[in-house]
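Note that these values count all heavy atoms, side chains included, but never hydrogens, waters or copies made by symmetry. Just so we're on the same page: letters track the sequence lines, and every chain starts at 1.
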Amino acid sequence: MPVRAPTFVSRRRLFEQKLSDLHKCTNLNELKQLHAVIYKSNLHRDPFVAPKLISALSLCRQIGLALNVFDQIPSPNVYLCNTLIRAYIRNSEPEKAFQVLYRMQASGVLPDNYTYLFLLKASSGLRFVRMIHAHVEKCNLYSDLFMPNSLIDAYFKCGMLGVEAAKVLFGVMEERDLVTYNSMITGLVKAGELNEAKQLFDEMPQRDRVSWNAILDGYVKAGEMSRAFEVLEKMPTRDVVSWSTVISGYAKMGDIEMAKTLFDKMPEKNLVTLTIMISRYAERGLAKEAIALYNQMEEGSFKPDDITFVSILSASAQSGLLSLGKRIHHSIMKSRYKCAIVTSNALIDMYCKCGSLNRAWRIFNEMGRKDLVSWNVMIHGLAMHGHGKKALYLFDCMKLEGFAPDNVTFVGVLSACNHAGMLEDGIRYFYSMESAYNIAPQIEHYGCMIDLLGRGGRLNEALRLANCMPFKPNVVIWCSLLGACRMHNALDLAEEVLDQLVKLDPANAGKYSMLSNVYAAAGDWDNAANARLQMWKTANKTPPGASLIELDGEFHEFTVMDTTHPKSDRIHQTVNGLTQHLRKVAYSPTIAV
DNA sequence: CTAGGGTTAG
């Protein structure tokens with residue numbers, strides 16, 4: 001058959017096809033074309049086309065155009081109103097979604113099940129859920145169990161009081177189905193009430209896989225891995241979720257071996273399973289394993305999604321693997337029209353930690369919408385790179401844009417002061433946390449302050465703060481004090497701090513190394529050599545920390561006093577040369593900031 | 001409407 005040019009009829013059919021799939025359209029350019037054609041042919045008032053158009057516009061974040069379509073319909077029906085509600089929810093504007101509900105009530109359009117379901121998805125806060133519950137009671141929307149089941153789920157997302165409300169609702173329900181029980185069990189598990197969840201699980205009339213998986217998750221969340229494993233073996237049938245839940249649990253408890261064993265053993269894996277392993281590897285600093293799995297995924301049949309990207313970016317960031325990070329950035333840009341906020345945040349963090357502040361800054365500036373984490377990551381990134389003043393400027397900007405700083409923000413702000421040597425400002429910000437922002441300082445913030453005071457030479461104040469803060473000083477606090485002692489040649493204090501460190505964590509080699517530096521800095525080489533010896537004696541007990549770099553696609557791993565690399569001599573020569581050069585021009589480990 | 005995965009912290 002000869003190939004023919006598309007006729008008028010087939011072109012029309014193509015358009016109809018596109019119209020029927022319109023609500024799934026996520027390509028903005030394609031949508032804009034369709035939008036124009038629809039308006040030209042006056043189809044935007046068509047009761048079948050309008051909701052689809054609104055849906056597609058909201059998917060492509062064109063909420064203004066979506067509202068425009070809605071406003072052209074003289075008397076919108078429930079279905080169309082629901083579409084607009086969902087559009088606002090997709091656009092993270094729940095208040096506007098509720099305004100649509102009020103508009104419906106004012107114009108006499110009766111809300112239905114879906115109206116409330118969409119609103120429930122958006123509503124955070126007990127007040128909203130109670131309000132919807134009242135509406136549902138009033139309109140008697142109890143023809144099936146959809147509504148009460150959704151209400152139970154929504155109540156559980158409202159904190160402690162919500163948990164009680166869910167229990168009350170469950171108690172008065174005359175009819176319950178599997179989903180009712182499952183929602184209760186899931187909610188109770190999330191609220192940490194494992195015993196009550198277990199009780200319901202035991203008394204429910206029948207159980208399918210979802211119930212088993214929910215109770216499995218309960219044991220995993222409680223850290224009871226042997227019980228979880230028992231359930232995994234006992235349950236009638238296991239699916240990907242069952243295996244993944246248990247694998248994730250073992251890895252979280254630190255038993256990565258067992259996680260890997262089960263991962264290899266499970267009959268069928270999916271995207272989530274692989275992502276779990278990648279993120280657990282990343283979490284434990286096993287970058288090489290995380291990358292290997294990610295590569296396997298890229299070659300295989302699973303397409304990474306945002307959560308996968310975030311996990312592997314976290315692995316790249318932790319290991320400082322810029323080339324890997326860039327490669328992932330490229331894959332992300334290839335696979336989607338626009339980055340999700342979380343993904344952009346992870347990219348910013350990765351570029352900061354891999355030393356490319358410029359790239360991080362560009363992404364931060366080009367983001368359409370930012371969230372609190374975006375600001376936190378950028379402030380911290382600037383602080384890390386020594387741009388203390390700029391970080392503090394950004395802190396002012398975020399407040400101007402209406403973001404309330406949280407505890408993480410203040411870690412960034414305090415470390416900005418630290419890196420810029422702004423001792424007095426740091427103290428001022430620290431006290432403002434409680435007085436101006438109602439945030440109680442955590443051990444991390446005390447850590448920043450102790451570091452700041454120590455670097456500034458106010459060692460006694462630093463020590464006093466460590467001893468009188470409402471937390472027991474941890475290893476990080478003592479190490480930071482030890483560093484300050486080294487910096488200011490405070491040998492006596494260093495001994496005292498070291499005693500505390502040894503008491504807290506006897507089997508750690510790093511401390512001896514640190515102490516050796518204290519002596520070395522003070523010119524006491526005999527004791528320095530002794531400390532090194534001690535370090536080697538204890539080193540066998542703990543695996544040494546390793547650094548990993550990637551060069552031309554090959555990984556190179558180094559540990560303390562490592563001479564196994566084939567070019568070890570040249571590497572050490574170069575490092576020594578650099579150190580001497582640094583000492584000459586600017587940096588000296590004994591000079592205070 | 002119910003089950004497993006994610007980002008920021010000294």
Enquirer: Starting at CD1 of A:I312 and ending at C1' of B:dG6, how long is that distance when rounded to a whole Å?
Expert: 12 Å
Enquirer: Identify which nucleotide among B:dA9, B:dG5, B:dT7 has an atom closest to any side-chain atom of A:V411, counting heavy atoms from C-beta outward.
Expert: B:dA9
Enquirer: Using a heavy-atom cut-off of 4.0 Å across all strands, would you classify A:I348 as base, sugar-phosphate, or nothing?
Expert: nothing
Enquirer: Can you tell me if A:T115 and A:N82 form a side-chain donor-acceptor pair at under 3.5 Å?
Expert: yes
Enquirer: Can you see whether A:F364 has A:K370 sitting over its ring - NZ or CZ less than 6.0 Å from the centre and within 45° of the normal?
Expert: yes
Enquirer: Check every atom of B:dG4, B:dA3, B:dA9 against the side chain of A:N407 and return the nucleotide holding the closest atom.
Expert: B:dA9
Enquirer: Looking across every strand, which nucleic acid part, if any, lies under 4.0 Å from A:V220 by heavy atom: base, sugar-phosphate, or nothing?
Expert: nothing
Enquirer: In this structure, is the centre-to-centre distance between the rings of A:F410 and A:F430 below 6.0 Å?
Expert: no
Enquirer: Starting at atom NZ of A:K370, determine the distance to atom P of B:dT8, rounded to an integer number of angstrom.
Expert: 19 Å
Enquirer: Contact class for A:N345 vs. all strands (heavy atom < 4.0 Å): base, sugar-phosphate, or nothing?
Expert: base
Enquirer: Any carboxylate oxygen within less than 4.0 angstrom of a Lys/Arg side-chain nitrogen, looking at A:R327 and A:E298?
Expert: yes
Enquirer: Under 4.0 Å, counting only non-hydrogen atoms across every strand here, what does A:D306 touch: a base, just sugar-phosphate, or nothing?
Expert: nothing
Enquirer: Rounded to the nearest Å, what distance is computed from the CG atom of residue A:L347 to the C1' atom of nucleotide B:dG6?
Expert: 13 Å
Enquirer: Please report, rounded to the nearest Å, how far the C1' atom of B:dG4 is from the CG atom of A:L271.
Expert: 12 Å
Enquirer: Counting heavy atoms from C-beta on, name the nucleotide in B:dC1, B:dA3, B:dG6 closest to the side chain of A:D153.
Expert: B:dC1
Enquirer: Could I get the full list of side chain to side chain contact (heavy atoms under 4.5 Å, CB included) partners for A:A222, not counting sequence neighbours?
Expert: A:L194, A:E224
Enquirer: Report the nucleotide, chosen from B:dG4, B:dT8, B:dT2, that has the shortest atom-to-atom distance to any side-chain atom of A:V272.
Expert: B:dG4
Enquirer: Hey, is the side chain of A:K190 poking within less than 4.0 Å of OP1 or OP2 on B:dT2, counting only N and O atoms?
Expert: no
Enquirer: What's the closest nucleotide to the A:V476 side chain, out of B:dG4, B:dG10, B:dT2?
Expert: B:dG10
Enquirer: Name the closest nucleotide to the A:T245 side chain, picking from B:dA9, B:dG4, B:dT2.
Expert: B:dG4
Enquirer: A:K353 NZ to B:dA9 C1': how many Å, rounded?
Expert: 9 Å
Enquirer: By the 4.0 Å heavy-atom rule, please label A:V210 as base, sugar-phosphate, or nothing.
Expert: base
Enquirer: Given B:dC1, B:dG6, B:dT7, which nucleotide is nearest the side-chain atoms of A:V373?
Expert: B:dT7
Enquirer: Side chain of A:V241 only, heavy atoms from C-beta on: which candidate in B:dG5, B:dG10, B:dA3 is closest?
Expert: B:dA3
Enquirer: With a non-hydrogen cut-off below 4.0 angstrom, is A:S211 in contact with a base, only sugar-phosphate, or nothing?
Expert: nothing
Enquirer: Is the phosphate of B:dG6 approached by A:R280 (side-chain N or O, under 4.0 Å from OP1 or OP2)?
Expert: yes
Enquirer: Any donor-acceptor pair, under 3.5 Å, between the side chain of A:T308 and the base of B:dG5, if you only look at N and O atoms?
Expert: yes
Enquirer: Does A:N270 get its side chain close enough to the base of B:dG4, under 3.5 Å, for a donor-acceptor pair?
Expert: yes
Enquirer: Is it the case that A:S311 and A:T275 place a side-chain donor and acceptor less than 3.5 Å from each other?
Expert: no
Enquirer: Counting any heavy atom closer than 4.0 Å, what does A:T273 reach on the DNA or RNA strands: base, sugar-phosphate only, or nothing?
Expert: base
Enquirer: What integer distance in Å separates A:N213:CG from B:dA3:P?
Expert: 10 Å
Enquirer: Quick one: are the ring centres of A:F201 and A:Y181 less than 6.0 Å apart?
Expert: no
Enquirer: Out of B:dG6, B:dC1, B:dT8, which has the shortest distance to the side chain of A:S314?
Expert: B:dT8
Enquirer: Rounded to whole angstroms, how far apart are CG on A:L232 and P on B:dA3?
Expert: 19 Å
Enquirer: Quick one: A:F156 CZ to B:dC1 C1', roughly how many Å, whole number?
Expert: 13 Å
Enquirer: Side chain of A:Q442 only, heavy atoms from C-beta on: which candidate in B:dT8, B:dA9, B:dT2 is closest?
Expert: B:dA9
Enquirer: Between the base of B:dG5 and the side chain of A:D305, is there any donor-acceptor pair under 3.5 Å?
Expert: yes
